[in-house]
Every structure is written in C-alpha cells, then in structure tokens.
Amino acid sequence: MKLIIAYIKPERLNDVKQALYEAQIYNMSVTNIVGSGRQRGYSETYRGAAMEVNLLKKVRLEIGVNDNFVQPAIDAITKGARTGQIGDGVLFVLPVEQALRIRTGELGPPAMG
Amino acid sequence: MKLIIAYIKPERLNDVKQALYEAQIYNMSVTNIVGSGRQRGYSETYRGAAMEVNLLKKVRLEIGVNDNFVQPAIDAITKGARTGQIGDGVLFVLPVEQALRIRTGELGPPAMG
Amino acid sequence: MKLIIAYIKPERLNDVKQALYEAQIYNMSVTNIVGSGRQRGYSETYRGAAMEVNLLKKVRLEIGVNDNFVQPAIDAITKGARTGQIGDGVLFVLPVEQALRIRTGELGPPAMG
Amino acid sequence: MSKRLTAWGATLVGLLLMLATNALADDAKPAPTVTDVATAIDTVWVLVTAFLVFFMQAGFACVEAGFTRAKNVCNILAKNFIDFCVSSLMFFLIGYAIMFGDGNDYLGWTGFGLSEAKNPSGVPLYAYWLFQAVFAGTAATIVSGAMAERTRFIAYLLYTFVISAIIYPVIGHWTWGGGWLSTMGFADFAGSTVVHATGGWIALVGALMLGPRIGKYGPDGKPKAITGHNIPLASVGVMILWFGWFGFNPGSTLGAVGSNTEAIGLIAINTNLAAAAGGLFATIAVWMIYGKPDVSMLFNGVLAGLVAITAPCAYVSPSAAIVIGAIGGVLVVLGVMLLDKLHIDDPVGAVPVHCLNGIWGTLAVGIWGQKALGLANDGLLHGGGLGQLGVQALGVIACGAYAVISMAIIFSIIKAIVGLRVTPEEELRGLDIDEHGMEGYADFQIFTTR
Amino acid sequence: MSKRLTAWGATLVGLLLMLATNALADDAKPAPTVTDVATAIDTVWVLVTAFLVFFMQAGFACVEAGFTRAKNVCNILAKNFIDFCVSSLMFFLIGYAIMFGDGNDYLGWTGFGLSEAKNPSGVPLYAYWLFQAVFAGTAATIVSGAMAERTRFIAYLLYTFVISAIIYPVIGHWTWGGGWLSTMGFADFAGSTVVHATGGWIALVGALMLGPRIGKYGPDGKPKAITGHNIPLASVGVMILWFGWFGFNPGSTLGAVGSNTEAIGLIAINTNLAAAAGGLFATIAVWMIYGKPDVSMLFNGVLAGLVAITAPCAYVSPSAAIVIGAIGGVLVVLGVMLLDKLHIDDPVGAVPVHCLNGIWGTLAVGIWGQKALGLANDGLLHGGGLGQLGVQALGVIACGAYAVISMAIIFSIIKAIVGLRVTPEEELRGLDIDEHGMEGYADFQIFTTR
Amino acid sequence: MSKRLTAWGATLVGLLLMLATNALADDAKPAPTVTDVATAIDTVWVLVTAFLVFFMQAGFACVEAGFTRAKNVCNILAKNFIDFCVSSLMFFLIGYAIMFGDGNDYLGWTGFGLSEAKNPSGVPLYAYWLFQAVFAGTAATIVSGAMAERTRFIAYLLYTFVISAIIYPVIGHWTWGGGWLSTMGFADFAGSTVVHATGGWIALVGALMLGPRIGKYGPDGKPKAITGHNIPLASVGVMILWFGWFGFNPGSTLGAVGSNTEAIGLIAINTNLAAAAGGLFATIAVWMIYGKPDVSMLFNGVLAGLVAITAPCAYVSPSAAIVIGAIGGVLVVLGVMLLDKLHIDDPVGAVPVHCLNGIWGTLAVGIWGQKALGLANDGLLHGGGLGQLGVQALGVIACGAYAVISMAIIFSIIKAIVGLRVTPEEELRGLDIDEHGMEGYADFQIFTTR
Ligand SMILES: Nc1ncnc2c1ncn2[C@@H]1O[C@H](COP(=O)(O)OP(=O)(O)O)[C@@H](O)[C@H]1O
Ligand SMILES: Nc1ncnc2c1ncn2[C@@H]1O[C@H](COP(=O)(O)OP(=O)(O)O)[C@@H](O)[C@H]1O
Ligand SMILES: Nc1ncnc2c1ncn2[C@@H]1O[C@H](COP(=O)(O)OP(=O)(O)O)[C@@H](O)[C@H]1O
C-alpha cells in the first residue's frame, strides 16, 4: 500500500480528477496549500510597498492506493496535471504500513479501495 | 515511530479528540480537507445549472506516535469516528524514520510524546 | 529521498523560509493547520459560555528532499523556528519511495530539487 | 388721499405675497399653500424614516448571519429576506386592516388590501402604510435570530405569514390603533413593547420549542460557546441597525412640523445617547464579569440601549436616556447569562435584546416619563407616583401573555404539519446544503467541525 | 370712518403676515416665502433621494462581488468604483448637455460642463444634476456584472467613458430630455427602459462578445454552476439596492409638494410591494422547478420586482404593483434558464434582471397604467386599449436597438484597440493578481480550483 | 366707492391667505406658519444629514477592518464602536460646552450636559447637538486606523475620552464656536481642518509614538506590504463613507431654506465630483508609478477627494472641485509613499487621507474660494490675492500644532499609566484573542503567518 502525495496547479484539479476516475481511482483527499518550487513566485506592490509572493497557491492530493494502482495513479495525475509549463508540480510515493476503513473495520488493502 | 493519518467526518472531531485524550494521546495536527471515497457526493443546482459536489468536507488528523501507541490511537479514532454510515473515513499508518522536537532538540521517540 | 513534515508557529514561517533558502532548499509546500501538543491551548469565554481552544493555529511544512539535504533542512528549520518557548513544534522525517516531477517526467532524486 | 393710498398699499402687499408664491409655478399649477408644504415635509419625513427602518432588515440579516455559523448562512439570510417579503404582502392584504381598521377595542376589521382603509395620520395613507409595514417587518424578523441554525425554512415561512397578518397587528391595534391599551394611557412611543418585546417573546417561545442546537450544552449541562463566524458582518449589521433606529424612533412622530420639530430633535439625541450608554456599559459589565471586553456583548449592548429607549424616547430627557440605555446594556449581559443558565439557546441574543429590554424600556416610561413631553401622567421620578408605571406594567404583561400563548399554539400547529426542526444530520452538515442546495462561502475553506 | 378703519385693518393683516414670517429671521435675512420653503423641501427630497440612489453603487458592487469568485473580487470592485468616478465626471462634462441640452428630437447639444445648462426641473440645477448623474452611474454599472471575471480592466474603463458621455444620455434625451419618445407619449417614470434595459442590453452585448467564462459550459454543452463566493455580501448588496430604490423611484417625482405628496407615497408602496412579490414568487418558482429555494434566485427576484416597477411605479395601483413584481420574479428565473440554454454567460444575472424586467416593466405601463395617475392614456386593463402599450413597445424596441447596435460597435472598437478579454492564464489565476497585483482575501485560504 | 371696495378686497386677500393655511388644521392645533415650516424643513435636513454622518462610523469600521489583518479584526471593530459610544457621551457632558459655550476666544465654558447650552443654529438645540456630535465622533475615529493592529484597547479607550471631551472641542471652538480663527476669517466649511486634519494629526502622533508593526520594515529598512485581509469589506466602507459625506458636507449648511437651497445643491455636486476625481486620479497615479491600478489606492483616492473638498465645498465651483479632488487623489498616493520612506506605519492611510488632504482642502479655499459664494475674501485665482490663503495657512498651522502637542502629552501620559502598545507576543498572535478572547472568523481557516 502506498500514499501518493501530489502537488498540482489548482486549475488542473478537475482534469486530474477526471483522469483518476477513468483509471478507476475514486478515493482521494484534497487540500489547499501554498508552495514554492522551481516556479519562484512573483513580486507585486501593495500601496507602494514590495510584496514578494514566493508561495503560490497549489492543490495537494493524497491518494492511498494498493500497489497495483500506483502506476495507473501516477499516469493519471501526470495526464491531468501536465501543462508543460513551470509550476506543474511533483508527486511523492510513500510507503503505508497499515490501512483501516473506519466504518467497516477492514484492514490492509481492502481498506484502500 | 509512526505517523497516523486519518480522514474523518468533521462533526466527529470532538469525539475523536475526546477518545484520544482518554488514550493519553494529546498531540495531533488537524486540517480541513475535501475528499471523495465510497461516499460519492451529491448534486445540486445553483441558478439552474448542475453543481456536482463530489468532494465532501472532511477533517484530516495527523498523529505522530511511538510504536506502542499505534494501536491505542487506532482504537481511539475508530471509537470516536465510527457512525457506521458511509463516509466515516479511513486511516493510514506510515513509518517515521526520525522525529525532532524543535524546542528541546530531543530526537526520536521522546520527541513524539 | 525523504519527506520532512514540520509543524511550526505561524509567525516563524518567514524565518524558516529564510533559513531554508540559505541552505539552498527552495522547494516546499505549506498548509494551515490547527494542532495540539505540549502547549495545551487556552480557554476563553464567548458571551459568557466557556470556549476551550485546545487546537492552536500552526503552520505545516512539507519538504521533499534528497538524503544529503535532510540534515541541512532539519538544521534550517530548527534555526528558523526555535524560540525556546512551548509550542515550537516538531518535525518528522518520512521515507519516500518514488518522486516524479510532473512537468518533465523526471523520476527519483532529480525530481526533488 | 392717504386713505386711498393705504388701501392700495394693502392690496399691493397682498398681491405681492401671492405673486411671490407664484413665482416658479408659471405653468398653471396652483401655488402651494403653507399647509401643502407642511404636509409635504411631514410626508417626506415619514417616508425617509420609513426607508431607514426598512434598511434595518439588512442590519438584522447581518447580525444574525454574523453571529451564527458559516454552514447556515444562506439559510438565515433567506429567512431574513423572505420574512420581509411575506410580511409586506400580508400587512398590505390583512395586517393593516386589523391594526388600524374600525372595529372594537381588540381588533380592527376594515380596510383589507388598503381599500377604503382608515388613515389616522396627517400624511397620505400609502406613506403611512409603508412606515407601519416596515415596523411589522421588524417585529417578524427578530424571531429568526433566536431560532437560527435549526429551524426548517418552510416552518419559518409559515410562521411569517401568521405574525404579520394577525399576531403583530392585534397588539398594534391595542396600542396604536385605538384599542384598549391606548385608552388606558399605555404609552409605547416607538414600539419597545409593540415591536420589540412582541418579537422577543415569540423568539423565546420559538427557542424553547425548538430546544438548543446540538452541542450547545455539554453532557454536564455546561453551556459551550458556539462562536459567530463573521464578526465584521455582525458589526456592520449593528451599525446599520443603529442608523435605521434614527428612522424608527424619530420617525414615529409621523411629522416634523410644529411641536414635532422640537420632538424629533429630542428623540434623535435620546436614541443616540441610550445606544452609546448601552454599548459602553455592556462592555464594562462583560469586562468586569469575564475579564475581557467581549465584542459581541458590546454589540448587544448597543442594541439593548436602542430597544430600551424606543418606548420612552419622546417622553424623557437626554440624561434619563443615558441611564435607561446604561441599565439596558447591563441587563443584556445578565440576560444572556440567565438564558444559558436556563438552557435556552438563543444564538444571537434576540431575547435579552428585544424581549428583556423591550420590557425594560416600556417600564422606564413610567419611571422617567414627563407629562410636559406629552405623556398622560408624570412618571415615578417626576412625582407622578406609580400610576403610569402600573399601566406600563399591565401593557407589558398583556402583550407578553398574548404573544406567548398565541404563538405557542401557532408553532405547535406548524410543528404538527411540517415540523419545526431539521434533522440532526442536516443540522450537523449545515442547513445551507440541505435546505437550499448551496453554500455561503464556496471559495473558502470552512470548518464544519462544530 | 369705517372705510379708513378697514383700510388700516387690511394693511395690518398684510404687515402681520410679513412679521410672522420674519419672527426668526432677526438678522436682516429676508423671511422665506411659501415658495421658498416649497422649493427647499423639493430640493431636500431630490438630494436625499439622489444620495440613496448613489448608495446603490455599493449595492451593485456587493451583489456582483458576492456572486462571482474570490479570485476576481478586487477587479469587480475596482470596476464598480471606477465606473462611477468616470461617469460622474463625463456626465458633468458631456452627458448632461446631450441629455437635457437644447438640440433636436434625438440629441441635446448645450450646457457642456454645466455652463448655462438647461434645467427642466423646479429645483436648483446642481441638485437636479446630481440626481441625474447617479442615474447615469447606475446604467453604467449594470454592465460590469454580466461581463465579470473575464473583462480587461482597461477595456471596461474605456467603455465607461462612452456610455456615460454618449450612449446613455442619448436614450435619456429621447425619453426625459424632451426627445421624440416623450413627444409620442412614451412613459418610463423612473427608468425601467432608460436606465435598466439600457444597461441590461449593453450587458447582453458585452456577455455575447466576450463569450462564456472558462469552464462554464462543459464539453457536452451542459452549463455548470460557478457559484458565488460570498452570499452574505451579495445579500447586503440586494438590501442596499432595495433601500436605494426608495430613492430611485419616489425621487423621480423631483419634488414632494402638492400633488407629489400623494405621488411619493404611492410610488414608495408600489416599489416595496413589487420587490416583495418579486422575491416571494421567484423563490416559489425556483423551488417548484428545482426542488429547493435557491437564495440567489430570491435575491434576483427582489431585484426583478424592483426593476419591473420602475417604469410604472407612479401610474399603477398597489395591487397592480404586486402582480407586476410577481411576474417579474418568475421571469427572472426563466430568464436565467434561457440564457444558460443560449450559452450566454452572465455571472450575476444582469440580463434577466435589468434587461428582461426592464422591458417587462415598461410594457406593464401600457397594461395597468392609469390616466388618472398622470399617464397619457389609460392602459389595456383600464379600458385604454392597446394605444399606450403600443407606444411602450415602440420605446422598448427603439432604445434596445440603439443600445445594442451602438455598443456592439463601441465594444468592437475597444476590442480592436486594447482587447476585451484577459488571457486564459489570467482568467484561471484570477484577475486580481494579474490586473491589480493584489488579493481580496489575503488572510484566508481560498480555493482557486474553479 | 372704489376705495371701499379695494380696502375690502385687500382684507379679503389677507383673510383668504390665512384661511388657506388653516385648511387642514381643523383639530384645534394652531396652523403652522411659514416660519414653522421653514424651521421644520431645516431641522429635517440637519437630522437626516446627521444620520448620514453617523453612518460614516460604519464606513470607518469597514475600511479599517478591511485594510488590516484578520487576526485583529474584532479589536479594530471594538475600537470603532467604543469610540463613538464614548465620544457621544463625552460630547454631551463636556465637549459641546467647550465648543459652543460662552467663554473666550480659545474655549467655551457653559452648557455642560446641554443644560442651558447656547445654540448658534436656527434648528432646535438637540438636533444641532446631534449633528455636532457625529462630527466629533468622526474626528475621534480617524485615529484608530493609523494606530491599528498594535494599540492596547484600554489605551485607545482612554484616548477617546480626552479627544471628544477636550481636544476636538477646543479646535471646534476656534473655528465654529466663535473663537479666534473664525474672527480672523478662517474658513473651513465642513471640517477639512477641524475634523479631518485634527484626526489626521493625532493619527500621525499616535503612529509615531507606537512605532511600526512588527515586520513592516525589513532589516534593510525596506517597507514590506502587510496587505489588508478583506478588500470587499473595505470597499463597502468607502462607499458608506462617500454616502455619509453627502450628509457631512451639504448638511453643514444647517438648513435648506432660502439661500441654502442653492447652496446644498452646489455642495452636493462638489462633493461628488471631488470624490470621483480623487478616485480616478489616484488610480491613474498609482498605475503610472507602480504599473498596476492598486484598488486600495483607488479607495484612498476617493476618500482623499472627499476630505479635500470638505473645507471648500460651499465656496468653489464644480470645476474647481474636480481639480481639488484630482490633486487630492495624487497627493494621497505620494503621501503613502512618503510615510513609508519615513518609516511611519499607518496601516490604512489615515494620515495621507485625513491629515494631508485636510490641509490641502483648507488651503484650496484660499485658492479657488469665491466671495460671491460667502467667503470673506476671494481666493488667489479669483483675484483676491494671498489674503485668504494666508489665513487658511495660519489656521492649518495653529490647529496642527495644537493637536500634535496636546496629544503628544496625552499619549505620553496614557503610555505611562497603562502602556500604549501590546506585547510582541500579543501582536504576533493577534489582538483579538488576547484583548477580547475571541476571533473574527471562527469558521474560516485563517493565515496568521504574517
Ligand atoms: N521538494 C518539494 N517538497 C515539497 N513540495 C514541493 C517540492 N517540489 C515542489 N513542490 C510543490 O509543488 C509545487 C510546484 O512545484 P514547481 O517546482 O514549481 O513545479 P515545476 O517543476 O513544474 O516547475 C510547489 O509550489 C510546491 O507546492
Ligand atoms: N484511498 C484514499 N486515499 C485518500 N483519502 C481517502 C481514501 N479513502 C478515503 N479517503 C478519505 O476519507 C473520506 C471518507 O471516505 P469514504 O470512503 O467516504 O468513507 P466510508 O468508507 O466510511 O464510506 C474521503 O472523503 C476521503 O477524504
Ligand atoms: N505527535 C504529534 N503529532 C502530530 N502533530 C504534532 C505532534 N506533536 C506536536 N505536533 C504539532 O506541533 C505543534 C506544536 O507542538 P508542541 O508540543 O506544542 O510544541 P513544543 O514541544 O515546542 O511545546 C502542535 O500544535 C501540533 O500541531
């Protein structure tokens, strides 16, 4: 079992969701974040004072998947999120040692689905 | 050391916190998220146009624990969060390689408590 | 590859960012959270009714780094976040099995930078 | 010769006077007379103050929305809008006839739909109606705050029809429509009892019948704070209400000419000083009791001062207004505490503000009121004894009893037909999604953990 | 002797009258005459109602901001502010001269910069100008809502110069400035056509030329909800608009003395009842069609009722006002559906509210209007036949055609010079950052996923 | 015979005139005279405009709250409320006596608590008091914005007592209470100096004594943006202020009859045009200097135009008003830059808006003012030479020096007793929790990283 954490452009969320659905991955958790990466932000002035915005608005996805779904998930995210322009984001795959579905008490892989 | 990530119904947060306190687990971090799982969302109309809400409001808990607290934490979360109805959520247990308490510089298991 | 998750005081964010930049770590993702730890919160009254605020506003950083950057990152975070007063927070280091830069398709360590 | 000259002179004076008044009216229009002009200014006064009172609807909406949770914000706003829509229409069709129509001591019964309706004022009927209609709307809207975050929309809608068509107009008839209370000398200048206590009593009945919101009282019975979600919104609401109250009280003279010229100045200063004193003393009270100046109590204190001065505003001196307002400010703090003791959950403080201070203001007429300012008898502190105070107390009790009993019946009927309260699931999830299919703050990340 | 006495007596009467009016004016100032006072009250009326109409700018800003997304909120606010600034200045320099200056049936051409400008009213020129200027500002600001979330700031700024200097004043000249429509007996008391339909038509042209927002229509052509981000803000806006409309309609009498005293009462009650009926019936309509009472439609319904009653407010009875408003409320719901069918993306409903109901209200004059209330002919339901209705329809078509054609040209020119629409990247990221370098809600965690 | 007839005729004319005015007053009440009616309309005007000025409190609250951070929002709102409460009460008890009482050139000293108070106006004392009281409240509330986000609540409360009881009334006495400046011919029609520059100077002293907010200036001394948290709220505030200013300036005629009828029209148009020009030119200025139209500067520009026109509003032509406002708009942009250069941290721009433009407006009287419009001497551009401008400059300096020195002393005393500034920990965490025990936006996820 793995936890995929992906940071994407907010406006790509719908496409990523769509691509995941097509890969039959329905379960995910989404958060607002601000982040910095290769895309270094921008600077503006507010009332004449410098405003360095180096944390840009991004969306963070967490998707717990069983091992056979890791690659499909990665592909789907890539498909939905890639624009080819700076700021497209990254994803990490983390090991999950245990999973539990709270309602049913299911443990392990079945809890993921 | 483990990191437990749990996604629960917002209105269960108080009960989960209560249950964790009873299990002597006081440390946690809480975030707002939106998520989709087996509970597929709902659709409404806004000004006559379809509005598919497939990401529901949930709450995400992160609890770093030492190994002997993993099971008590899982039990407490289950106790507090389970309603038996769809949408109760899931939890994942992830391995933690290192922990550091910033204030004291304590490393490893003592940093968790 | 590791994922460092740090919970810090909101007002330390700028210093932490500064310290990370000095350590040549530019990539990170930041979230608002509320948390409880050794700092147990406070109680107020609102319209005469008790209000227990046991989840305090914190900021959560996620930094994916290659192994050789783990210690510099930890040092930088500690430098920027430590006030010596309760509530300074903790950080966890989690293993990352795979990383992918969405824009370029780079895999593994190069995706981190 | 001089006779002739003088006579011609007089004629000239007369003619010039007439010409002068004709100067602009070159197009046939008859020159306005002094009376025309006096009626015009009275009408302008009544209309402008009616507009201000109307605007109080926005104030109520903001206060109630700001003091409740984000997940119910569309619902409370919808209620505040729809109640004014319905009560405007019902007060046109039915309410005005019951309040001001010919009838008996208890009820009027002519002028439905304003056709051949009585007009006790010196201004045109329609202008007078508007002023009265916005008052009816105020009485109706007070209730939504106390019943917030758990009442079904349809139940609230039904309640609204009844209060504006019947419940409020009957009390209005007693006091302002020539009914039995007015005959007895009961004085409620701008409606501490007629509007505010009536709304406040009904709010109390409603809150009692609904029961507290989930989570308001712990298993140990201790009240828990369910904080408002948007204090700036609430503060704008309070400011709008204060602003609108300058229509509510001074406008109740129904005119600005003659003795009313002095009166509107007095009423305006009294309104302002009572509000200021209410705000300051509520702040001091909450600061002393709980250690910090709770802003929500400052807001409630301002409103308390305003409600309290509503009945006596024309009958008392500015210094008395300060005292009345200050006591009102303290009362509201104690009132909030008392309700929590009694486990009556009133999210916005409608009962302490409108009911408690409506009563207080009505009684204050009997204490500080002055015959010289148009009251039937001098009040207690002006040597008039307990007479006026007694009548005031009677009015308070009669109106209160009527409002409580009649609405207890109405709410029971509504409960039986459509149900008063949403399901616990809907309440937890928020009324916005389940009752209206929408959210108040779609782009914001909202906590719904409480 | 008696002759002499009588003559002296007459003199005395005259003198006393003069003295009486002098009582307060002990310092040389000449005593005011009845006419002075009448003009004063008319002027106060015009100014106070102008202030209320001005305040509608805040209402429009709130409604448009609340009904769109958080990422564009600074931009829509900036547009609402700057359009009033520009249109005030342009209406001073140019617009008033075109609207009220001497000229021909189609256009005035004297009084630029108000120097030696004509003043058709009974109140001072500057007071009259202010009242007219806030109307011009209203017409201008309607458009921003329909073009929200995708129009370049500079393009909007340019458009604003043109509408307030030329487009609106020409239509105003036709109807209120003595032009050809007024000669024909076309009646639009407070501007259903002149202000609202004009703004609404231009909104339609703008929305069409811009095309829908990214994501508004799915690949399958189905409309998708892009929900407003701050419903409380929108609700405050609607309340402010309703409040301001009490200036818009009753103020259009341009006076309060004489027959206007009755008229302003009638207009005020009609305005209120139409708004209430609009709100209630839109709620019922959307509830029946979609199963839940969508609050945004309740708001639009109130505005629809207000727009619809704007033309007929002085000519119809209160019962007619209820019917007109109720139909307006239903129309707005159907109008929103229709636009979505046609894939015209109007984020706030400016077209259904202002254009559709502006037309409806103008036609309603020909149906329920009464000669007894000052209309040229009785309307259809008062036995006047189709005459007035025909003229009304003609006015609707003429003004609509003029507004659509002229603005289509203007927008095309602006498009050619600076471009109408922001880039897709800017639109996705939000106009606030790219056009203004700032955010509306810096401390809040905002979703920009949509 | 004809003599007799004429005499009778004259009598008849007189009698008819009297009868006419009696027509409606059939119930014993004496018929109103023209003077009664004139006083009534003047009183209505003064009261309605006073209500509008009151409403500006809501405007200030919104602007200041919107331009600061979410974590301090309850605090700034509480300050805006409590300062009006306190200043109402103090201006009643003490301030009015000092401002308008009999005394000497520098200070009045009769009429405490309004008992036997002098009334220099033609309207009832209480009405006049209210108008003056809301002005005092405005002067008081300006300060909170510049001292926002770091001042202790108790310190602010104490300051409020002093300014409304003494500091403001003394300056008021000099200019409007018959004091030395008025004797010299100093002209400040509605208070650019008396209200705004006074408030603005005190704001400057306060901001200087407090020092900048933590993080406002980097270690390198460069100013950093601390952006406002709720721009829609600020925009509503600006709109409310603009709306209220239609009370502030035109209401300062204290009447509407006679020559005032023309005057209020002129003042209203001037107020509007200056605001519009201020907004437009500030936008252009900031756009040219920084490349994007910063909405917060547009807002400040509108306010700058309004403050600038406040002194000259009655004395200048509309074209002059446009120029005065436009320069005000540019000044505010430069002023904000200047303050940042000087490391004076004024979160909302109170000093550039109220102090700088208060001065500018006062001087503008000496430049564009016209004797024909009631000024003592023609201004510079109307051939009056430097005389009036000199007096204006003297007034600016005298009031400024007095305000700065006296408040520097007062703030020092308050600092010594309770301390002016919260602790750095409280400042970082936000004043809401530590000073009031509550949050402004309980349901929202708020960033407190800045
Ligand atoms: N190493 C990292 N650790 C945590 N978050 C990261 C990391 N790298 C990127 N991110 C997140 O991804 C977002 C996009 O990254 P960025 O480097 O700008 O994308 P791209 O590689 O396409 O230019 C960042 O704003 C940040 O939130
Ligand atoms: N595999 C997953 N990965 C990430 N988040 C998940 C996953 N499964 C569930 N969740 C989170 O848990 C929430 C509840 O899940 P759901 O499947 O609806 O619960 P239940 O199993 O009780 O029906 C989801 O809204 C989502 O936020
Ligand atoms: N074991 C843990 N799991 C998850 N989050 C934690 C844990 N310990 C601390 N935190 C986060 O760190 C924040 C600060 O922790 P705290 O214990 O108050 O710091 P300190 O040790 O300096 O007193 C908490 O509010 C919480 O958000």
Side-chain angles (χ1 to χ4, degrees), chain D residues 3 6-7 9-10 13-14 17 20-21 23-24 29 31-34 36-37 39-41 43-44 47-48 51 54-55 57-58 61-62 65 73-74 77-78 81-82 84-86 88-89 92 113-114 123-127 129-130 133 153 230 233 435-445, chain E residues 3-4 7-8 10-11 14 17-18 33-35 37-39 41 44-45 48 52 69-70 122 227-232 235-236 239-240 242-243 246 250 256-258 260-262 264-266 268-269 272-273 276-277 279-280 283 292-296 298-299 302 318-319 322 444-447:
Chain D
K3 310 170 209 175
T6 335
V13 167
L17 269 172
T21 63
L24 267 175
K29 251 207 244 166
T33 65
V34 178
D36 284 350
V37 179
T39 311
I41 167 81
T43 306
V44 166
L47 284 177
V48 170
F51 302 162
F54 163 78
F55 197 37
Q57 293 291 327
C62 291
V73 77
C74 292
L77 293 169
F81 265 83
I82 208 76
F84 188 75
C85 292
V86 169
S88 281
L89 297 171
F92 174 75
L114 288 199
V123 298
L125 173 66
Y126 291 152
W129 179 85
L130 189 74
F153 185 66
N230 196 333
L233 188 65
E435 294 253 274
H436 305 279
M438 59 195 296
E439 289 177 77
Y441 301 100
D443 283 355
F444 293 88
Q445 198 147 337
Chain E
K3 310 171 205 172
R4 220 186 226 173
W8 277 108
T11 317
L17 269 172
M18 298 201 78
T33 64
V34 178
T35 310
V37 179
T39 311
I41 168 81
V44 166
W45 179 246
V48 170
L52 289 176
R69 285 167 293 178
T227 53
H229 86 284
N230 195 333
I231 303 299
S235 91
V236 171
M239 281 288 182
I240 290 175
W242 192 336
F243 178 52
F246 284 121
V257 177
N260 280 333
T261 309
E262 281 286 338
I264 57 179
L266 172 67
I269 189 178
N272 193 57
L273 289 175
L280 183 61
T283 306
K292 289 194 180 176
D294 183 324
V295 182
S296 78
L298 162 50
F299 296 166
V302 165
S319 334
I322 295 179
F444 294 87
Q445 197 146 339
I446 300 289
F447 279 107

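Here is how names work: the chains are called A, B, and so on, in the same order as the sequence lines, proteins then strands, and each is numbered from 1.
Ring geometry for F84(D) against W242(E) counts as perpendicular: the plane angle is over 60°, on a 0 to 90° scale with 30° as the lower cut.
Put simply, of S88(D), A40(D), A65(D), the one with the most heavy-atom pairs under 4.5 Å next to chain E is A40(D).
Of all the heavy atoms in P32(D) and A38(E), the pair that sits closest is CG-CB, 3.8 Å. What you find for L130(D) and I269(E) is that their closest heavy atoms are CD1-CA, 4.5 Å. L47(D) and A268(E) get closest at one heavy-atom pair: CD2-CB, 3.8 Å. The minimum heavy-atom distance between V73(D) and P232(E), with the atom names listed, is CG2-CG, 3.6 Å. The heavy-atom pair separating C85(D) from G279(E) by the smallest distance is SG-CA, 4.1 Å.
Heavy atoms closer than 4.5 Å to chain D are found in both the backbone and the side chain of V295(E). For F54(D), the part lying under 4.5 angstrom from a heavy atom of chain E is the side chain only. Both the backbone and the side chain of F246(E) come within contact range of chain D, judged by heavy atoms closer than 4.5 Å. Proximity to chain D involves both the backbone and the side chain of I240(E), based on heavy atoms less than 4.5 angstrom apart. With a threshold of 4.5 angstrom between heavy atoms, V302(E) approaches chain D through side-chain atoms but not through N, CA, C or O. For L125(D), no part lies near chain E; criterion is any non-hydrogen pair under 4.5 Å. For a residue to count as touching a neighbouring chain, one of its non-hydrogen atoms must lie under 4.5 Å from one of that chain's; by this rule S235(E) touches chain D with backbone and side chain alike. If you measure heavy-atom distances from C62(D) to chain E, the contacts under 4.5 Å come from the side chain alone. Contact annotation for L280(E): both backbone and side-chain heavy atoms come within less than 4.5 Å of a heavy atom of chain D.
Here the side chains of L233(D) and V236(E) are in contact, with some heavy-atom distance below 4.5 Å. Side-chain contact between V48(E) and V44(D) is absent, with no heavy atoms from C-beta onward closer than 4.5 Å. Put simply, the side chain of V37(D) reaches to within 4.5 Å of the side chain of I41(E), judged on heavy atoms. Counting heavy atoms from C-beta outward, D294(E) and M438(D) have side chains that approach closer than 4.5 Å. Looking at heavy atoms from C-beta onward, Y441(D) lies out of side-chain contact with I231(E) at the 4.5 angstrom threshold.
Distance check, rounded to the nearest 0.5 Å: CG of L298(E) to CG of L77(D) gives 9.5 Å. In this structure, CE on M239(E) lies 4.0 Å from CZ on F81(D), to the nearest 0.5 angstrom. Between atom CH2 of residue W129(D) and atom CG of residue L273(E) there is a gap of 4.5 Å, rounded to the nearest 0.5 Å.
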Report the C-alpha distance between F92(D) and N272(E) in whole Å, list the side-chain angles of each, state the deciding distance to 0.1 Å, and finish with yes or no for side chain to side chain contact (heavy atoms under 4.5 Å, CB included). CA-CA 11 Å; F92(D) 174 75; N272(E) 193 57; over 6 Å; no

